Visitor: 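I have a structure here, written as structure tokens, and I will follow up with some questions on it.
What you see is a predicted model, and the numbers here were worked out from it, not measured in a lab. So you know, we letter chains A, B, ... as the sequences are listed, proteins then strands, and number each from 1.
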2 protein chains.
Amino acid sequence: MNDKREQWQAAEQLALVLTEGGLQRMAARTLAVFLFTDQESVTAGEIAERLEASAGAVSGAVKSLLTVGLIERLPAPGSRREHYRLRDDAWATLFTSQNTVIQTMLQAARAGIDSTEADDPAHRRLTQMRDFYEFLLGELPALLQRWHQHSSKEAKRWRLDSHPSTGH
Amino acid sequence: MNDKREQWQAAEQLALVLTEGGLQRMAARTLAVFLFTDQESVTAGEIAERLEASAGAVSGAVKSLLTVGLIERLPAPGSRREHYRLRDDAWATLFTSQNTVIQTMLQAARAGIDSTEADDPAHRRLTQMRDFYEFLLGELPALLQRWHQHSSKEAKRWRLDSHPSTGH
DNA sequence: ACGTGACTTCAGAATTTTCTGAAAATTCGG
DNA sequence: CCGAATTTTCAGAAAATTCTGAAGTCACGT
């Protein structure tokens, strides 16, 4: 329990995986800071300090995280510096953002199907591809809906009997 | 319909998206060849020619696609060169391979939770993250199962009444 | 209004990734 | 087994990505 060293390692580890998942390196590390900080919100300067990175790099990273909707700017707290924090639905958002990838794959498959004859093996393969991504895209809304139900149920349970520690 | 130019564009477009999705550049372009070729199988040499890339680059790409399970080596067709083709379940496989990413995110979240006190805001954020990915991981098997049902049903329908053209 | 601190932008540097080319290894037909 | 064709490996080159540092812009507080 609670060792700063461990936290640092876990954060860097996470940043690595996020990078695999398509985020840029600095954006991933920044997101890790948002997750692991013990404050409610952080400023760009604090991120730079924590990551030992330049203000410029942090600026770009924060901007991209804002664009994707993973973090939000906090209503000015009277200070001169901007405060940011992780959004509550960040993970669902991150997941959803991959739908655009699926959409594009689908479009590419359809374009291929259209440019190909029915007896071409490519036509068959592209059709299989299209069918899969069509199916997937159709399933996602329901999946996210189930998540929202699931999570709101959790929140309720939490309020009613205040479990001291669940650990699941 | 059927314009080689269009096909080439669609293929390159797809390769781009696949790259976004985590595949290496050359692996993505190679996968596009497997999809769009009008042959049942292709050799490394043919891929290299099509992509105007070196044999070395193709070798690496094919190897990685084999490892992930997206393509398969064909039982020797009498020729000296190896023949490869896209596997039937390639897309489901590609999708599944992202589960490992989710697994790793989950582990990172759990590590963070363990290294943090219950009253730390980070603890709350990491718990939310863990819950989401736990949920997701739990949903995936059923999702893939539905896909298999779905696709086998399609195949059956195909065999029974031989639709001339569906276009969905 | 003005000074100051924070944020953004951007050119160039550093790093990382990716590809080529050639040599070594492998494999199949003879 | 030998030889030709193919594939694999790998060092170094090329390309793409990412970061820094500094200059410029903006906004707050006085």
Visitor: Determine to 10° how strongly the helix from C/dA1-D/dT30 to C/dG30-D/dC1 is bent, judged from the axes of its five-pair ends.
Guide: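 The angle, to the nearest 10 degrees, is 40°.
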Visitor: Check whether A/R130 reaches the backbone of A/A109 with its side chain - one donor and one acceptor, N or O, closer than 3.5 Å.
Guide: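 A pair under 3.5 Å: no.
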Visitor: State which residues pass side chain to side chain donor-acceptor pair (under 3.5 Å) with A/S64; sequence neighbours excluded, sorted by chain then number.
Guide: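 Partners of A/S64 under the side chain to side chain donor-acceptor pair (under 3.5 Å) test: none.
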Visitor: For nucleotides 6-20 of chain C, give me one character per nucleotide, 5' to 3': B if any protein heavy atom sits under 4.0 Å from the base, S if the only such contacts are to the sugar-phosphate, - if neither.
Guide: SSBB--------SSB
Visitor: Please name all residues satisfying side chain to side chain contact (heavy atoms under 4.5 Å, CB included) with B/E72, sequence neighbours left out, ordered by chain then number.
Guide: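 B/E72 satisfies side chain to side chain contact (heavy atoms under 4.5 Å, CB included) with B/R85, B/R87 only.
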Visitor: Taking the six-membered ring for Trp, are A/F95 and B/F132 parallel (under 30°), tilted (30 to 60°) or perpendicular (over 60°)?
Guide: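 Rings of A/F95 and B/F132: perpendicular, as their planes differ by over 60°.
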Visitor: Do the side chain of B/Q7 and the main chain of A/S115 share a donor and acceptor less than 3.5 angstrom apart?
Guide: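 At least one qualifying donor-acceptor pair exists.
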Visitor: Which residue pairs satisfy the salt bridge (charged side-chain N to carboxylate O under 4.0 Å, His left out) criterion with at least one member in residues 9-32 of chain A, sequence neighbours excluded?
Guide: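 Passing the test, one end in residues 9-32 of chain A: A/E12-A/R29.
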Visitor: Listing request: all salt bridge (charged side-chain N to carboxylate O under 4.0 Å, His left out) pairs with a residue in residues 36-51 of chain A, at least two apart in sequence or in separate chains.
Guide: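 Pairs touching residues 36-51 of chain A that pass the test: A/E40-B/R124.
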